[in-house]
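By convention in this document, chain letters (A, B, ...) are assigned in the order of the sequence lines, proteins followed by strands, and residues within each chain are numbered from 1.
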Amino acid sequence: MSGPSDSQIEQFKATFFEECAELLGDLEQRLSVLEGGNQDIEDLHAIFRAIHSIKAGGGTFGYVRMVTFTHSFETMLDHLRDGALEITPEVVDILFRASDIVADLIDVAQQGGTPDDDFGDEVLAQIDQILASMAKAEGAAEGAAAGSEEAADEEAERIGSVALFQIDFKPHPSLLRNANEPLLLIRELRTLGELTVQLDASQVPSLHALETEDLHFTWRLMLRGACREADVREVFEFVDDDCDLTVERLEPKGDRDAEAGTGSSRSEDKTPADKAADKAAAPAEQAAAKSKSTGGEAAGKERRTSSIRVDLEKVDKLVNTVGELVITQAMLTQQLEALAADKRARIASGLEELSTHTRELQENVMAIRMQPVKSVFSRMPRLVRDLAGKLGKRIKLITRGEETELDKTVIEELADPLTHMIRNSIDHGLEGPEEREEAEKPVEGTIVLSAEHRGGRIVIEIADDGRGVNRDRVLEKAIDQGLVAADAKLSPEEIDNLIFAPGFSTAAEVTDVSGRGVGMDVVRRNITNLGGKITVQSTPGQGTKVILTLPLTLAVLDGMVITVGDQKYVVPLGNILESFRPKPEDVQTLVNGGQVVKMRGEFMRLVGLARIFDVPNATHDPSKGLVVMVESDSGSSFGLVVDELLGQQQVVIKSLEANYDPIEGISAATILGNGQVCLILDLDGLEAMDKLAPRDLLEAATLAREPAPAPAPTPAGEPDPAALDDGAAPEQEEPQGEPAGLDDPSSLEQPS
Amino acid sequence: MPKKVLAVDDSKTMRDMVAFTLTDAGFEVLSAEDGQHALSVLGDTKVDLVITDVNMPNMNGIELTKALRSNPVHKATPILILTTESGDGLKAEGKAAGATGWIVKPFVPEKLLQVVNKVCP
């Protein structure tokens, strides 16, 4: 029998650590449930099982500290399960701390390190204390066990010297019922030394009284070998309760006695039963040996599991290949156009089918990567609990839409930003109990963490009912830190979004919890890297809501291909509201060069792609081209001026990140059916570019007039008029036709 | 014919370890994630040995043992339960349910084989 090789051990370890990660995640969640007061015994069982599995695995790989620690942890859980120990907040706290230690131990093990022998001793002491307070009687029992161990040790010292044992083995009739097999026991004894077997079959009842499942034999066995009594008894370990067993050591003190004894037993003829045992044992051994040589290939074939673990890289490859397949398929479809009509029809139907299958294949492949956001949401209750405790705040976390599915990569990347934002909410957003009471708010603060699908993207919101962003301080700090000019005029929304500026931190003093300077800018970068957007909406005194919008997947996009001049672009389909060709009289040009279009009595801002990207030969006049109304991820809507709509198409996203710095207004690229590379538009980026482009003009115009009054705070949930700032000012230069439309920002912003 | 063993454990690490060790020793190893799964994997197919963890969701090892013992097909199949050194109570419980023996976790491959050889004819 060869043991597993090193690489196999490594693989087992990898499986183990993967499993540990899952178990810990589950553990965390269930602990949170326990803490919430929903004491379901099933949760306790699951927690126990998790720790138990970790312990078993840890033992297998020789992680000593992990085993000793989980052992105590497990004991405590066991008492919780059987109700001997009550679930008090104190106990739950220890459970949390203990699971932290376990997580740390796993971490250390995974990195190939060895933890200190006393790692986690503090928690261990707490566990021991709780256990000790439960039962003193157990202590006594342990003492006794230790005593017998000592005796065993003593005996072990004598190992090596050959001893003779007389073993009287009288099985109870029921011994066979548990599938124990006396012949196997005898065979095993034989491995310990020289054995003579004497069978007593006198108790076998007459045939008519014979119960076939009962055993009526007894044996006397003489064993001479270099072994301990314990070794002999171990052979009968499993049948201890099903037999009367006496093992007598005929100490070879007087060698003569022993030899005489041996001699006599040796001289005994083998009984028929003994011979039968020999016979029975021999083929079994042969069979075992045989199966060793042949069994290898056949084994494992029939393993049945309901799920498999696959390296993410393999899935990625699959996703990529399918992506290429989609492109190829699109190319084929396109080339079909060039064929004569009669030939086309035949191929077209086949191609259509291919297209359906490709699409299905793609969806299925994408589904492999999808996971509920639960896996990251479930880490948050713990965070909230810990931080709230540390800061002396009372905070309730409500999570919604945990089942919403999202690409695994996105989910993984989401953990850090979410953690950070929740920290921020707890540390900066939510007030302490006194302050809340003064503000006539419930003493307990609330954070709502929710996820939902919205138009092909996923929207995650972190909303708290705290004090909101302190705009004065944010602005002050931003000016202090040179992030904005001292005389800058910023809308409330713009001020709020300053919290995402690099290096920005408002915490008056650096706390343990957050405010170390790396902050929301990192969060924003993380989210942007995922193709997502982050915005903040805040109402002073009432709370802050951070909104993340993320793509469902990083691999494909349903898009609309448009042309501007001789360029093609892709607009994410989910962002398109409608498209139309405006009448010339509905289009107005603002003093800063920007354009607006009147749509159902309201003026909507237009973004000229040709102007922004400086595309030659393009239509600048919307009334000669088309206006595509889009809603950006941050919620504002505007019209894109384009030449033509080419059609809807699913495109495979090719990231530009690896080779290019971020390009404003462009989120990624794709390859069209004809092989042409085509850029995917980033609507928020475009909006910002459009705002920025005429800004200098606008500011010049504003400065020439009286300085605008400080922006009034807007209620949360309602879009900010910031987007309108540049439109509102020059509006005074406009014909006095539609002042209402432009003055009321909400009417402009939310066509939904 | 290689001897067939069914390994039942909710921990994949354990299943893999058992499967590997026994496969290497010439057994054919089936595996299941819990008691219920084990019963559905087995059906009325006779195996030479069942090794089962005790603590599992859905149906634990003790219940599985009882279920197997009450099925004429599996009545005489050796069943080993996986316990820990602290599991004396479990051993007794397992025996009472019909288990043939037990393996104390954690185990090294040699020990596993030793115990298997002890009960698997």
Side-chain angles (χ1 to χ4, degrees), chain A residues 1-4 8 11-12 15-16 18-19 23 42 45-46 48-49 52-53 55-62 67 71 74-75 78 176-181 183-185 188 235 237-239 241-242 280 284 287-296 298-306 309, chain B residues 1-5 9-17 19-33 37 40-41 53 55-57 69 75-80 82 84-86 91-92 95 97-102 105-110 113-115 117-121:
Chain A
M1 114 191 65
S2 65
Q8 278 154 342
Q11 211 180 334
F12 289 145
T15 311
F16 172 62
E18 239 176 81
E19 192 168 23
L23 290 172
E42 201 32 60
H45 282 312
F48 181 88
R49 280 198 300 271
H52 187 77
S53 291
K55 175 174 132 181
T60 307
F61 301 118
V67 175
H71 180 70
E74 189 187 70
T75 312
D78 200 26
L176 297 176
R177 296 218 172 115
N178 282 10
N180 285 108
E181 176 55 80
L183 293 184
L184 287 172
L185 298 177
E188 197 184 345
V235 171
E237 188 187 8
F238 295 160
V239 294
D241 298 338
D242 297 322
K290 225 182 188 177
S291 67
K292 257 179 223 176
S293 55
T294 58
K301 264 187 197 162
E302 277 190 47
R303 258 190 248 177
R304 269 183 45 178
T305 41
S306 51
R309 268 162 226 267
Chain B
M1 269 292 283
K3 273 182 272 188
K4 264 194 204 175
V5 179
D9 201 312
D10 54 333
S11 156
K12 180 166 158 51
T13 313
M14 277 297 144
R15 284 201 305 273
D16 281 1
M17 287 291 290
F20 175 81
T21 308
L22 293 181
T23 305
D24 200 44
F27 289 87
E28 179 176 338
V29 183
L30 315 174
S31 55
E33 286 168 27
H37 189 203
S40 73
V41 168
D53 188 24
N55 265 297
M56 294 181 294
R69 283 288 171 257
K75 198 172 178 176
T77 304
I79 301 172
L80 290 174
L82 291 164
T84 51
E85 65 269 58
S86 58
K91 290 176 189 170
K95 282 300 285 192
T100 312
W102 52 84
K105 289 194 286 191
F107 49 80
V108 293
E110 287 76 14
L113 282 176
Q114 193 192 327
V115 178
N117 281 324
K118 197 168 175 155
V119 297
C120 193

Determine the minimum heavy-atom distance between B:Asn117 and A:Leu184, stating which atoms define it.
->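 For B:Asn117 and A:Leu184, the tightest heavy-atom pair comes out as O-CD2, 4.1 Å.
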A:Phe16 and B:Thr13: which non-hydrogen atoms are nearest, and at how many Å?
->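 Distance-wise, the nearest heavy atoms are CA-OG1, 3.2 Å.
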Atom [atom1] of [X] and atom [atom2] of [Y]: how far apart are they, to the nearest 0.5 Å?
{"X": "A:Ser53", "Y": "B:Asp9", "atom1": "OG", "atom2": "CG", "value": "6.0 Å"}
{"X": "A:His52", "Y": "B:Asp10", "atom1": "NE2", "atom2": "CG", "value": "8.5 Å"}
{"X": "B:Thr100", "Y": "A:Phe238", "atom1": "OG1", "atom2": "CZ", "value": "8.5 Å"}

Check whether any side-chain heavy atom of A:Arg49 lies under 4.5 Å from a side-chain heavy atom of B:Pro57, and answer yes or no.
->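 Heavy-atom side-chain distance check passes, below 4.5 Å.
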Non-hydrogen atoms of chain A under 4.5 Å away: do they reach the side chain of B:Leu22, the backbone, both or neither?
->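 The answer is neither part of B:Leu22.
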Option that, when pairs with chain B are counted at under 4.5 Å, heavy atom only, ranks first among A:Leu176, A:Val239, A:Val235 =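 Most heavy-atom pairs under 4.5 Å with chain B: A:Val235.
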Max heavy-atom pair count under 4.5 Å with chain A, selected residue of B:Gln114, B:Lys118, B:Met14 =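 It is B:Lys118.
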Give a yes or no on whether the backbone of A:Asn178 and the side-chain of B:Arg69 come within a donor-acceptor separation of less than 3.5 Å.
->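 Yes, B:Arg69 side chain to A:Asn178 backbone: donor-acceptor pair under 3.5 Å.
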A:Glu19 and B:Lys12: CA distance, side-chain angles, deciding distance, salt bridge (charged side-chain N to carboxylate O under 4.0 Å, His left out) verdict = CA-CA 7 Å; A:Glu19 192 168 23; B:Lys12 180 166 158 51; over 6 Å; no
Let me know if A:Asp242 has heavy atoms under 4.5 Å from chain B in its side chain, its backbone, both or neither.
->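 Just its side chain gets close to chain B.
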Under a 4.5 Å heavy-atom cut-off, does chain B meet the side chain of A:Glu18, its backbone, both or neither?
->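 A:Glu18 has no heavy atom closer than 4.5 Å to chain B.
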Say whether B:Lys95 and A:Asn180, considering side chains only, have a donor N or O and an acceptor N or O under 3.5 Å apart.
->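 Note: B:Lys95 and A:Asn180 side chains meet the donor-acceptor criterion.
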